[in-house]
Amino acid sequence: EAMAAALRLHGHEVSPASIVPLVGPPMNVMARDIARVTEAAAEAINADYLRIYHDDYIGQTPPRDGADALLRRLQADGITLAILTNKVEDGAHRMLAVQGWTERFAFVAGRDTSEPKPHPEAALHVLRALGIPPREAAIVGDTEFDMRCGRAAGLGMTIGITGARSVADLRASGATHVVHHLDEVVGVLLG
């Protein structure tokens, strides 16, 4: 909804429903591809998106079903948790505060912290900071950008969650496991 509002400010009528399947790359890239505009125009759309999202939408964002229970379980089992997002890092910190999850994550990285996903350096940067070898790590995500990043970084598992993408799309992008709900992630990670 925030991206649709930002696009509207720049003369592009796009429904939120048509944007959802495109979510994954950094929002400036998504704005460029949706509106078919120059990099400078995409950056202007992205600046408005960030303002609208942070001012009007971030506080209304509900957690994905099962997210809180999954995080509690993984934390209780001593699993080190990190956020790797194509949002800017500040946006990720704001979202964690909205959800009440700030203390659950050992590290937060956004597209402005290192490389954006699907570049493997995005994941490798986080793992170096945490001192975790890639083969002992997993990425859990819902787009091809997450799966490609994890696969290219040599992670032990790339777990795709259906919804934004299909099982076939996630598998084709490198998912080693595909789940339909976050409740299933614990079984995959902890066996």
Side-chain angles (χ1 to χ4, degrees), residues 1-10 12-35 42-75 79 81-114 116-118 122-123 126 138-147 149-150 159-166 169-170 178-186:
E1 290 175 8
M3 179 53 80
L7 286 162
R8 197 172 313 110
L9 287 176
H10 293 266
H12 305 279
E13 279 298 324
V14 181
S15 72
S18 66
I19 294 172
V20 171
L22 306 175
V23 170
M27 296 307 257
N28 60 324
V29 173
M30 199 169 80
R32 182 197 65 211
D33 293 347
I34 290 171
E43 288 299 333
I45 293 168
N46 185 59
D48 282 328
Y49 159 76
L50 288 171
R51 178 184 49 76
I52 292 165
Y53 179 67
H54 290 155
D55 291 350
D56 301 331
Y57 287 94
I58 202 165
Q60 302 172 35
T61 306
R64 188 174 184 135
D65 285 344
D68 198 55
L70 172 63
L71 295 174
R72 275 196 317 270
R73 172 69 192 273
L74 294 176
Q75 193 173 30
I79 305 295
L81 302 173
I83 296 287
L84 174 58
T85 181
N86 275 348
K87 293 182 185 309
V88 294
E89 185 178 328
D90 179 63
H93 284 288
R94 288 183 191 207
M95 180 58 73
L96 289 175
V98 165
Q99 302 303 335
W101 295 343
T102 301
E103 300 304 317
R104 291 193 174 161
F105 292 90
F107 196 80
V108 176
R111 72 170 193 231
D112 54 337
T113 308
S114 179
K117 295 178 286 183
V126 172
I139 190 168
V140 178
D142 61 357
T143 72
E144 66 275 16
F145 297 90
D146 302 314
M147 301 303 101
C149 177
I159 303 170
I161 305 166
T162 60
R165 306 297 191 270
S166 69
D169 291 338
L170 293 167
V178 176
V179 299
H180 300 286
H181 193 274
L182 287 176
D183 294 347
E184 301 169 68
V185 172
V186 170

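Note: hydrogens, waters and symmetry copies are ignored here, and every other heavy atom, side chains too, is used.
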### Query
Can you check whether Tyr53 and Tyr49 have ring centres sitting under 6.0 Å from each other?
yes

### Message
When you compare the side chains of Asp65 and His181, does any donor N or O come within less than 3.5 Å of an acceptor on the partner?
### Response
no

When you compare the side chain of [Y] with that of [X], does any pair of heavy atoms fall below 4.5 Å?
{"X": "Asp48", "Y": "His10", "answer": "yes"}
{"X": "Ile45", "Y": "Met27", "answer": "no"}
{"X": "Leu70", "Y": "Val186", "answer": "yes"}
{"X": "Pro116", "Y": "Phe145", "answer": "no"}
{"X": "Ile83", "Y": "His93", "answer": "no"}
{"X": "Leu22", "Y": "Val20", "answer": "no"}
{"X": "Met147", "Y": "Thr143", "answer": "no"}
{"X": "Leu81", "Y": "Trp101", "answer": "no"}

Report the distance from atom [atom1] of [X] to atom [atom2] of [Y], rounding to the nearest 0.5 Å.
{"X": "Asn46", "Y": "Asn28", "atom1": "CG", "atom2": "CG", "result": "5.0 Å"}
{"X": "Thr113", "Y": "Asp90", "atom1": "OG1", "atom2": "CG", "result": "10.5 Å"}
{"X": "Arg111", "Y": "Lys117", "atom1": "CZ", "atom2": "NZ", "result": "12.0 Å"}
{"X": "Leu96", "Y": "Glu103", "atom1": "CG", "atom2": "CD", "result": "10.0 Å"}
{"X": "Cys149", "Y": "Ile139", "atom1": "SG", "atom2": "CD1", "result": "4.5 Å"}
{"X": "Arg8", "Y": "Ser15", "atom1": "CZ", "atom2": "OG", "result": "10.0 Å"}

### Query
Would a distance-only check, ignoring hydrogens and angles, find a side-chain to backbone donor-acceptor pair under 3.5 Å from Asp142 to Ala164?
no

### Query
Ignoring hydrogens and geometry, is there a side-chain-to-backbone donor-acceptor pair from Thr61 to Tyr57 under 3.5 Å?
yes

Over all heavy atoms of both residues, which pair between [X] and [Y] is shortest? Give the atoms and the distance, please.
{"X": "Pro21", "Y": "Ala17", "result": "CD-O, 3.2 Å"}
{"X": "Pro62", "Y": "Gln99", "result": "C-NE2, 3.9 Å"}
{"X": "Ala109", "Y": "Val126", "result": "CB-CG2, 3.6 Å"}
{"X": "Gly160", "Y": "Leu170", "result": "C-CD1, 3.8 Å"}
{"X": "Arg104", "Y": "Asp68", "result": "NH1-OD1, 2.7 Å"}
{"X": "Ala42", "Y": "Ala31", "result": "O-CB, 4.1 Å"}

### Task
Only counting residues at least two apart or in another chain, list the ones meeting ring-ring contact (aromatic ring centres under 6.0 Å, His included) with Phe107.
His125

### Task
Quick one: do Ile19 and Glu1 satisfy side-chain contact (heavy atoms from CB on, under 4.5 Å)? Show the steps, please.
CA-CA 9 Å; Ile19 294 172; Glu1 290 175 8; over 6 Å; no

### Task
Walk me through it: do His12 and Ile34 pass the test side-chain contact (heavy atoms from CB on, under 4.5 Å)?
CA-CA 9 Å; His12 305 279; Ile34 290 171; over 6 Å; no

### Task
Flag the pair Asp56 and Arg51 as a salt bridge only when some basic side-chain nitrogen lies within less than 4.0 angstrom of an acidic carboxylate oxygen.
no

### Message
Looking at Arg165 and Asp146, is there a salt bridge between them, counting it only when a charged N and a carboxylate O are closer than 4.0 Å?
### Response
no

### Check against side-chain contact (heavy atoms from CB on, under 4.5 Å), Val179 and Thr162
CA-CA 6 Å; Val179 299; Thr162 60; over 6 Å; no

### Query
Under the side chain to side chain donor-acceptor pair (under 3.5 Å) criterion, do Glu184 and His180 qualify, and how do the steps go?
CA-CA 7 Å; Glu184 301 169 68; His180 300 286; 5.6 Å; no

